[in-house]
Amino acid sequence: MLLEWLSSLTTLCPLAEARRLGYLHEAIAIPARYRRCREAWKPHLEQSQQAIRDAIARCEHKRTALVIGSGALLDIPLRELSEAFGEVMLVDIAHPRAALREIRKYTNVTAQYIDITEIAREICVAKKGRALPLSRPRYALDRRDIDLVVSANLLSQLPLLPERYLRKRGFEEAAIHGCCRQILSAHLEYLEGFDARLCLITDTEHRIYEGDRLREREDRLYGLTLPAPASQWRWHIAPAGEIDRSDHYTEVVCVTAL
Ligand SMILES: C[S@@+](CC[C@H](N)C(=O)[O-])C[C@H]1O[C@@H](n2cnc3c(N)ncnc32)[C@H](O)[C@@H]1O
C-alpha cells in the first residue's frame, strides 16, 4: 500500500479529465499487479516483446516508431526500438516515473501524454438523455515519417474507464455498450490511417477457471472481430488468490497487419 501511495505522488498523468476518469489510479495499479504476478506474466511479456521485435525486423524504413500504450514499458523492447529507429515516440495517458527514468537513458525516445481516444474530456461532461460522444483519434496521423505503429496491450483497455465512469453515473447500458464498441472500432480505424507497419497486441477474451473447469468467459472486444493474428497466446493474468480463488486467463492476440 505504501509503495502504491508513494508511486501515486510521482506517476505523471497531467490531463485533468484523465485523472477524473481514474487513469492515474490504473497507472499505479498495473506495476503493482506486475510485482505480485511477475512469474505468471513473464511468458506474456516475452511474447509481446517478441511480436514487436518481429515487427521492427519487417520494417523497410526505420525513421520514427510510434508506440501507443507504452505505460510501464513492461512489454516494450525499448533498447531495440531506440537502436533501430531515428526517433521513438511513446504515447500514454499516464507515464509512471520509473518508465520516465528509463526513457531518459535514450536521446531519441520521447514520452507524450495523450488520450489516444480523444474522448475522455467529452465523457466527463456527457449528459444523460443526450447522445454519447464519438471517439475520433487523429494524433500524429499527419506525420509522414512514421514507419512503425505499435498498439501495445491497449485496445481492450480503452473503453474500461469510460465504461466505469458512465455506469457509475447511471447511463443506459445499451448506450454505454455502443460507446465502448465505437471507441474500439475508432482505434482500429485510426491505426489503419497510418502508412506504416502495424503491430497490434491485444487481449480479446477473459476466461475464469476453477481448477480445470471454465467458469466464465467474456469478450473483451464488444463483438468486434480482428483479422487472423500472426500469433496467439494465453496470459495468466491473475493466478488463483490474486482476485479470488479462481485462475484468470486472458487470450492475447497479436495482429501484425490490419
Ligand atoms: C495494460 S497497459 C499496457 C501495458 C504497457 N504497455 C506496459 O508495458 O506496461 C494499458 C496502457 O494503456 C494506457 N491507456 C489506457 N487508456 C488510454 C488512452 N485513452 N490513451 C492513452 N493511453 C491509454 C494505460 O495508461 C496503460 O499504460
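Both ligands and their constituent atoms are indexed starting at 1 by order of listing.
- Within the model, atoms CZ of R143 and CD of E87 stand 4.5 Å from one another, a figure rounded to the nearest 0.5 Å.
- Within the structure, ring-ring contact (aromatic ring centres under 6.0 Å, His included) contacts touching residues 55-74 (residues at least two apart or in different chains) do not occur.
- Using a 4.0 Å cut-off between charged side-chain N and carboxylate O, R138 and E118 make no salt bridge.
- Near ligand 1, residues Y23, I30, G69, S70, G71, A72, L73, L74, D75, D92, I93, I114, D115, I116, T117, A152, N153, L154, Q157, L158 each place a heavy atom inside the 4.0 Å sphere around the ligand atoms.
- Of the residues L226, I68, V253, the one that meets the side chain to side chain contact (heavy atoms under 4.5 Å, CB included) test with L200 is L226.
- Within a 6.0 Å radius of CD in Q50, other residues, nucleotides and ligands contribute more than 12 heavy atoms.
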**Asked** Would I103 and L73 count as a side-chain contact (heavy atoms from CB on, under 4.5 Å) if you check the C-alpha gap in whole Å, the side-chain angles of each, and the deciding distance to 0.1 Å?
**Response** CA-CA 9 Å; I103 290 164; L73 298 174; 4.1 Å; yes
